[in-house]
Peer 1: 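Structure below; questions to follow.
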Amino acid sequence: MKRETDTAETVASVGWPARSMPTDFGKLLPLPRAFYDRDPRRVSRDLLGKVLLRRDGRKVLAARVVEVEAYLSNDPAAHSFAGRTDRNAVLWGPPGIAYIYFIYGNHYCFNLSCLPDGVAGGVLFRALEPLVGIEEMARARGLVHADGADLRRLTSGPGRLAEAFGITRARDNGKDLTSAASDLWIADDGSRRPRVRVTTRIGINKAADKPLRYIVPENRFVSGRKAE
DNA sequence: ATATCGATTATCT
DNA sequence: GATAATCGATATG
């Protein structure tokens, strides 16, 4: 079984707990719908350390989840707060579906729906640690070379990670992340459960004091952090 | 190192 | 017509 990482340095970059077995990331199975059919706070906590995967033809992109935010039902900061609209319909639907929105005229943000059909809730992906497909991510981001210093610029931030994975509303909104046929999914690669720290959310005005941002504190790909 | 600002458009009032 | 779950560039200490 071949190791699919681009460089040895990649996986070892930030001291993530070593895996016992090399992983063929493209073969990892999607997390089941029941995983997402829970409170977004619980889903957020459990998503840290999981792997986001994209299959693009023969290529596979993989990156570890290191920062997310929960958006609850009846949450003033959530897009669903003012009621169901065409844009936010996915949040009100069944759990485990990709919700993509376009923001500031420039960027896409990638979320997934939580809680049962009829109840709005979601999780926003804010930062990933790249594992596989570094060159492809760099190209998608418009960066020539992903050297050590620039690696954080690939997937550290919600707009950045969406761009690195080629995630757009037209392509991915409404996609079932739990389907084995999906080209976008999330999996458990067997790595150890990371430490989790909870902070307030970024870039919002309403309910800005609520502790609903979940990060892996020692990970350098968490957004809004200087190089160490 | 932190602050401020412009880009650019879908969505909602 | 205003706003936005952001980013990158530029300015300033």
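Computation of the quantities below employed the complete heavy-atom set of this structure, encompassing side-chain atoms and omitting hydrogens, waters and symmetry-equivalent molecules. Lettering of chains follows the sequences in order, A, B, ..., and the numbering in each one begins at 1.
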Peer 1: In whole angstrom, what separates Ile103(A)'s CD1 from dC12(B)'s P?
Peer 2: 12 Å

Peer 1: If you assign Pro158(A) and Gly105(A) each to the DNA chain C nucleotide with the nearest heavy atom, which residue ends up on the more 5' nucleotide?
Peer 2: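 Residue closer to the 5' terminus by nearest nucleotide: Gly105(A).
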
Peer 1: Answer yes or no: is there an ion pair linking Asp56(A) with Arg171(A), defined by an N-O contact shorter than 4.0 Å?
Peer 2: yes

Peer 1: Checking all strands, does Asp86(A) fall into the base, sugar-phosphate, or nothing category for heavy-atom contacts under 4.0 angstrom?
Peer 2: nothing

Peer 1: Remember a base hit wins even if backbone is also touched, and classify Arg141(A) as base, sugar-phosphate or nothing at under 4.0 Å, heavy atoms.
Peer 2: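 It contacts sugar-phosphate atoms only.
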
Peer 1: Check every strand shown and say whether Gly159(A) touches a base, only sugar-phosphate, or nothing at a heavy-atom separation below 4.0 Å.
Peer 2: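 Sugar-phosphate only.
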
Peer 1: Can a donor-acceptor pair be found between the side chains of Arg55(A) and Ser182(A) at a distance below 3.5 Å?
Peer 2: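 Side-chain D/A pair, Arg55(A) to Ser182(A): absent.
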
Peer 1: Between the side chains of Arg33(A) and Thr178(A), is a donor N or O closer than 3.5 angstrom to an acceptor N or O?
Peer 2: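 Side-chain D/A pair, Arg33(A) to Thr178(A): present.
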
Peer 1: Look at all strands and tell whether Arg87(A) reaches a base, only sugar-phosphate, or nothing, counting heavy atoms closer than 4.0 Å.
Peer 2: sugar-phosphate

Peer 1: Specify whether His79(A) and Tyr101(A) have parallel, tilted or perpendicular ring planes, treating 30° as the upper limit for parallel and 60° as the lower limit for perpendicular.
Peer 2: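 Taking Tyr101(A) first and then His79(A), their aromatic rings stand perpendicular (interplane angle over 60°).
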
Peer 1: With the threshold set at 4.0 Å, does a side-chain nitrogen-carboxylate oxygen contact exist between Arg193(A) and Asp46(A)?
Peer 2: yes

Peer 1: Heavy atoms, side chains only, cut-off 4.5 Å: are Val216(A) and Val196(A) in contact?
Peer 2: no

Peer 1: Can you check the Asn106(A) CG to dT8(B) P distance for me, whole Å?
Peer 2: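 Roughly 7 Å, once rounded to whole Å.
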
Peer 1: Reading DNA chain C in the 5' to 3' direction, which nucleotide is the first one with an atom under 4.0 Å from a heavy atom of chain A, and which is the last?
Peer 2: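 On DNA chain C, the outermost contacted nucleotides are dA4(C) to dG8(C).
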
Peer 1: Given atom NE2 of His79(A) and atom P of dT13(B), what is their separation to the nearest angstrom?
Peer 2: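 It is 13 Å, rounded to the nearest whole Å.
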
Peer 1: Is the shortest side-chain N to carboxylate O distance from Arg45(A) to Asp39(A) below 4.0 Å?
Peer 2: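 Looking at Asp39(A) together with Arg45(A), the answer is no, because their closest N to O distance does not fall below 4.0 Å.
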
Peer 1: For a quick test of reading the model: is some side-chain N or O of Thr85(A) closer than 4.0 Å to OP1 or OP2 of dT11(B)?
Peer 2: no

Peer 1: Nearest-Å distance, NE2 (His107(A)) to C1' (dT9(B))?
Peer 2: 12 Å

Peer 1: Ignoring backbone atoms, establish whether Arg169(A) has a side-chain N or O less than 4.0 Å from OP1 or OP2 of dT11(B).
Peer 2: yes

Peer 1: Could you pull out the protein-nucleic contacts involving nucleotides 1-5 of chain B (nitrogen or oxygen on both sides, under 3.5 Å)?
Peer 2:
none

Peer 1: Is there a Watson-Crick or G-U wobble partner for dG1(C) with both distances under 3.5 Å, and which nucleotide is it?
Peer 2: dC12(B)

Peer 1: Between Phe102(A) and Asn88(A), which has a closest nucleotide on DNA chain B that is more 5'?
Peer 2: Phe102(A)

Peer 1: Does Arg126(A) pair with Glu69(A) as a salt bridge, N-O distance under 4.0 Å?
Peer 2: yes

Peer 1: For the pair Lys27(A) and Asp189(A), find out whether any cationic side-chain nitrogen is under 4.0 Å from an anionic carboxylate oxygen.
Peer 2: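 Answer for the salt bridge query: no.
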
